[in-house]
Protein chains: 2
Amino acid sequence: MSRRPVDPRAARSRGIPEATVARLPVYHRALLALGESGVRTVSSEELATAAGVNSPKLRKDLSHLGSYGTRGVGYDVDYLIYQIARELGLTQDWAVVIVGVGNLGRALANYGGFAGRGFRIVGLVDADPARVGEQVAGVPVTHLGRLEGLVQSTRATIGVIAVPGPAAQQVCDRLIAAGVTSILNFAPVPLVVPAGVDVREVDLGVELQILAFHEQRKADAAVPALAAGR
Amino acid sequence: MSRRPVDPRAARSRGIPEATVARLPVYHRALLALGESGVRTVSSEELATAAGVNSPKLRKDLSHLGSYGTRGVGYDVDYLIYQIARELGLTQDWAVVIVGVGNLGRALANYGGFAGRGFRIVGLVDADPARVGEQVAGVPVTHLGRLEGLVQSTRATIGVIAVPGPAAQQVCDRLIAAGVTSILNFAPVPLVVPAGVDVREVDLGVELQILAFHEQRKADAAVPALAAGR
DNA sequence: AAGTGTGAATTGATTCACAGCC
DNA sequence: GGCTGTGAATCAATTCACACTT
């Protein structure tokens with residue numbers, strides 16, 4: 001994973017720290033909102049506040065893309081939106097297949113942020129024959145048996161897994177075999193994938209458990225005597 | 001944020017790094033699965049594989065909880081499940097209110113991992129009067145106007161926000177005013193909260209954009225000549 | 001005067017490698 | 001002999017503070 005040889009030509013984009021990449025989408029969205037309210041220029045302080053980070057971090061992050069600000073003035077909103085979008089690959093069109101048309105799959109299909117931000121849902125897939133033919137957010141549901149054909153004919157490279165845990169690895173394997181190279185996984189199992197395939201796990205249960213940990217610490221702090229006694 | 005005075009009695013739990021806390025739920029789930037398949041003892045190597053991490057990291061993580069393994073043998077599955085659950089606060093019962101009963105809210109309400117893992121959904125809230133009275137996963141939908149009363153009467157401390165972006169901050173403020181101290185936010189806006197309140201943002205759009213970034217890098221690597229020319 | 005861009009310092013996380021125990 | 005637990009070393013991310021530009 002870390003032994004990938006670094007192509008010197010790609011040095012700039014290669015050099016963007018992962019933590020920065022994860023924040024660029026947040027900056028992008030904050031800038032879009034600012035732009036819509038008519039703001040033409042922002043300081044790092046203002047943008048940082050809108051994005052929920054501190055300003056040195058924001059400046060350091062943006063410095064990895066290049067020098068797109070003006071000293072004494074700030075950043076041109078539209079120009080920065082474009083530069084971030086280009087860096088993230090949002091200026092091109094990504095074909096996305098969603099597997100699993102339960103409540104979560106429907107929520108994803110209807111999520112406003114996808115269409116119009118470079119992501120096009122080209123297929124919905126479900127194992128239940130009763131759902132096949134149905135349309136969700138204007139996209140017809142295809143049967144799981146036709147998964148490979150759908151991925152290949154649409155040239156989809158991003159797959160979203162919203163199926164029950166036990167089915168997830170198998171769906172993952174089939175998506176990859178058909179040509180998908182990036183996967184967003186909502187099933188509560190860690191997927192095993194070959195090198196070169198990226199996976200991001202989004203796990204609702206994990207998030208709640210992290211909150212519970214902090215919640216417990218607050219409770220302990222509030223009643224130290226009781227906590228010590230337990 | 002870092003100037004919180006450290007209570008020496010709480011030193012052990014205080015000392016658990018945030019990155020470790022975020023992985024404990026994953027270990028917990030992997031252990032539950034192993035236990036269900038009849039495994040009584042695991043080595044750090046086996047558990048690490050099941051959880052999708054490497055074994056030194058797993059051992060370091062577990063070492064923050066205490067010495068719960070046996071050298072030369074491994075970890076007792078049931079014992080470790082209990083210790084992690086206790087550390088995460090899963091041995092007690094957390095009352096959760098979900099605000100927003102769209103597809104995402106329904107998906108969350110039906111998510112199997114909540115009930116039976118220490119989380120109890122005590123209320124569903126929606127702004128649409130047509131949804132009020134309806135039951136989702138056995139829980140009745142309450143009108144947004146009764147949010148405060150619901151939180152107070154159920155003593156809920158965890159709130160899940162699954163409403164459209166523009167409504168999120170207001171819902172957040174009301175949850176906190178009513179007594180919620182931990183928030184899981186699915187709306188695509190960074191929430192502003194007072195000190196002492198924990199927020200975790202889960203952002204579907206952000207996750208896809210991170211994948212797009214890596215996808216673009218792969219595409220660049222595959223056709224270096226073209227990429228250089230663009 | 002205002003505000004970016006960035007080396008240097010710091011803090012945090014991961015990996016290494018091996019001492020210690022069963 | 002096998003495997004945990006952990007200091008030491010490495011690597012990554014964050015914060016600081018200020019030189020530099022408009």
Side-chain angles (χ1 to χ4, degrees), chain A residues 1-4 6 11-24 26-27 30-31 34 39-77 79-80 83-84 87 210 213, chain B residues 1-4 6 11-24 26-27 31 34 39-77 79-80 83-84 87 210 213-214:
Chain A
M1 196 172 247
S2 60
R3 80 204 59 148
R4 194 174 324 191
V6 174
R12 183 178 295 104
S13 76
R14 252 290 55 228
I16 299 187
E18 199 51 40
T20 296
V21 172
R23 283 186 296 263
L24 289 178
V26 179
Y27 303 155
L31 284 163
L34 286 169
V39 178
R40 311 297 314 257
T41 300
V42 271
S43 67
S44 63
E45 191 64 43
E46 293 162 337
L47 179 52
T49 301
V53 301
N54 59 30
S55 62
K57 191 186 282 181
L58 171 75
R59 289 203 303 278
K60 180 65 105 181
D61 283 341
L62 294 184
S63 79
H64 290 116
L65 311 189
S67 291
Y68 296 140
T70 307
R71 291 169 196 232
V73 178
Y75 302 90
D76 181 274
V77 171
Y79 184 57
L80 193 51
Q83 292 299 341
I84 293 179
E87 197 66 54
I210 294 170
F213 172 84
Chain B
M1 198 171 248
S2 60
R3 82 205 57 150
R4 195 174 322 189
V6 174
R12 182 178 296 105
S13 75
R14 251 290 58 225
I16 299 186
E18 198 50 40
T20 296
V21 172
R23 282 186 297 262
L24 289 178
V26 179
Y27 303 155
L31 284 163
L34 287 168
V39 178
R40 310 298 313 260
T41 300
V42 271
S43 68
S44 64
E45 191 64 44
E46 293 162 338
L47 180 52
T49 301
V53 302
N54 58 28
S55 63
K57 191 186 280 180
L58 171 75
R59 289 203 303 279
K60 180 65 105 181
D61 283 342
L62 294 183
S63 78
H64 290 115
L65 312 188
S67 291
Y68 297 140
T70 308
R71 288 167 198 233
V73 179
Y75 302 88
D76 181 272
V77 172
Y79 185 56
L80 193 51
Q83 292 299 342
I84 293 178
E87 196 65 56
I210 295 170
F213 172 83
H214 293 295

Can you check the A:Leu58 CG to D:dC16 C1' distance for me, whole Å?
16 Å
B:Val21 vs B:Glu87 side-chain heavy atoms within contact, under 4.5 Å
no
Under 3.5 Å, which N/O atoms of the protein pair with N/O atoms of nucleotides 18-22 of chain C?
| from | atom 1 | to | atom 2 | distance (Å) |
| --- | --- | --- | --- | --- |
| C:dG20 | N3 | B:Arg71 | NH1 | 3.3 |
| C:dC22 | O4' | B:Arg71 | O | 3.2 |

Rounded to the nearest 0.5 Å, what separation is found between the OG atom of A:Ser44 and the NZ atom of A:Lys57?
14.0 Å
Between D:dT4, D:dT6, C:dG5, which one does the side chain of B:Ser63 approach most closely?
D:dT6
Interatomic distance, B:Ile16 CD1 vs C:dT14 C1' [rounded to whole Å]
17 Å
Quick check for you: to the nearest 0.5 Å, what is the distance between A:Arg40 atom CZ and A:Leu34 atom CG?
12.5 Å
Between C:dG5 (C1') and A:Leu80 (CG): distance, integer Å
14 Å
Would you mind reading off the distance between A:Gln83 atom CD and C:dT4 atom P, rounded to a whole angstrom?
17 Å
When you measure from the side-chain N and O atoms of A:Tyr68 to the phosphate of C:dG3, is any distance below 4.0 Å, counting only OP1 and OP2?
no
Rounded to the nearest 0.5 angstrom, the CG-CG distance for A:Leu80 and A:Leu65 is 7.5 Å
Side chains of B:Leu24 and A:Phe213 in contact at under 4.5 Å (non-hydrogen atoms):
no
So OH of B:Tyr75 and CG of B:Leu62: to nearest 0.5 Å the spacing works out to 4.5 Å
Name the pairs: protein N/O against N/O of nucleotides 11-14 of chain D, kept only if under 3.5 Å.
| from | atom 1 | to | atom 2 | distance (Å) |
| --- | --- | --- | --- | --- |
| D:dT14 | OP1 | A:Arg23 | NH1 | 3.0 |
| D:dT14 | OP2 | A:Arg23 | NH1 | 3.2 |
| D:dT14 | OP2 | A:Arg23 | NH2 | 2.7 |

Holding to side-chain contact (heavy atoms from CB on, under 4.5 Å), I want the full list of residues that pass it with B:Ala48, two or more places apart in sequence or in another chain.
B:Val53, B:Ser55, B:Leu58
Give the rounded distance in Å between these two atoms: CG of A:Leu62 and P of C:dT4.
9 Å
Tell me whether the OP1 or OP2 atom of D:dT4 has a side-chain N or O from B:Ser44 closer than 4.0 Å.
yes
Could you grab the distance from atom CG of A:Leu31 to atom CG of A:Asp76, nearest 0.5 Å is fine?
10.0 Å
Could you tell me the separation between the CG atom of A:Leu65 and the P atom of C:dG5, rounded to a whole number of Å?
10 Å
Rounded to whole angstroms, how far apart are CG on A:Leu47 and C1' on C:dA2?
17 Å
Starting at CG of A:Asn54, measure out to NZ of A:Lys60 and round the result to the nearest 0.5 Å.
12.5 Å
